[in-house]
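Bear in mind the structure is a predicted one, so any value in this text is a computation, not a measurement. Count residues from 1 along the sequence.
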Amino acid sequence: LQHAGMGPRGDKEVVMEAVQHSAAAFEYVLPELQRDPDVALAAISQSAAALHCLPVELRHNPTFLIEAVKKNQGRDRDLVIAAVMQDSSAIEFASTDLRNDHWMMHVAVSRDGGLLRYAGGHLRHDRET
């Protein structure tokens, strides 16, 4: 999409194909399609690095971010952090590795102590969590 004209960069079918192949293409999508949750989710599913190109309204939308975490199976640290910062309950969808991460759980639990139930066993008994 980088060298494509405005027409293809604004065509949802073309854009979906491009971002599903390479999340880097998301940077060249016209702004109105970058705000489209389907397009943004497709890009993030390809690579969570596309998170940095998301428009503010999606970057701060807890429902969208939780959906992205689910689609990513909670494996990408940056994506889970972004979701947890908007809605701490997103930790529920984080991978086991991330739920065993002290800092990640500290962030979630400091916002809602009840989320300690999602922490890995050793963290549930850690006073610092």
Kindly give the heavy-atom pair with the smallest separation between Gln20 and Gln46, and that separation in Å.
O-OE1, 2.8 Å
Evaluate the side-chain proximity of Gln86 to Asn61: yes if any heavy-atom separation is below 4.5 Å, no if none is.
no
Of all heavy-atom pairs between Leu51 and Arg59, which one has the smallest distance, and what is that distance?
O-NE, 3.9 Å
Interatomic distance, CD@Glu17 vs OG@Ser22, rounded to 0.5 Å, equals 12.0 Å
Rounded to the nearest 0.5 Å, what separation is found between the OG1 atom of Thr96 and the CG atom of Asp101?
12.5 Å
Are any non-hydrogen side-chain atoms of Val107 and Ile91 less than 4.5 angstrom apart?
no
Nearest heavy-atom approach of Asp112 to Ser88 is CB-OG, 3.9 Å
Which is it for Asp87 and Ser89 under the side chain to side chain donor-acceptor pair (under 3.5 Å) test, yes or no, and what are the steps along the way?
CA-CA 5 Å; Asp87 181 345; Ser89 71; 2.7 Å; yes
For Asn72 and Ala68, indicate whether the former's side chain and the latter's backbone hold a donor-acceptor pair under 3.5 Å.
no
Would you be so kind as to tabulate the donor-acceptor pairs closer than 3.5 Å made by side chains of residues 33-43, with sequence neighbours excluded?
from, atom 1, to, atom 2, distance (Å)
Gln34, NE2, Phe26, O, 2.8
Asp36, OD1, Asp38, N, 2.8
Asp36, OD1, Val39, N, 3.3
Asp36, OD2, Lys12, NZ, 3.0
Asp38, OD2, Lys12, NZ, 3.3

Just how far is it from atom CD1 of Ile44 to atom CD of Glu67, taken to the nearest 0.5 Å?
11.0 Å
Should the heavy atoms of other residues, nucleotides or ligands under 6.0 Å from CE of Met16 be counted, would the total exceed 12?
yes
In short, Tyr118 meets Arg99 closest at the heavy-atom pair O-CD, 3.1 Å
Please name the pair of heavy atoms, one in Val29 and one in Val15, separated by the smallest distance, quoted to 0.1 Å.
CG2-CG1, 3.5 Å
State, to 0.1 Å, how close Val84 and Arg111 come at their nearest heavy-atom pair, and which atoms those are.
O-CD, 4.0 Å
Please check if the number of heavy atoms outside His52 that lie under 6.0 Å from its NE2 is greater than 12.
yes
Counting distance only, does the side-chain N/O of Arg75 pair as donor-acceptor with the main-chain N or O of Asp97 below 3.5 Å?
no
With rounding to the nearest 0.5 Å, note down the distance linking CE in Met85 to CG in Leu65.
12.0 Å
Near Glu13 CD, under 6.0 Å, is it more than 12 heavy atoms from other residues, nucleotides or ligands?
no
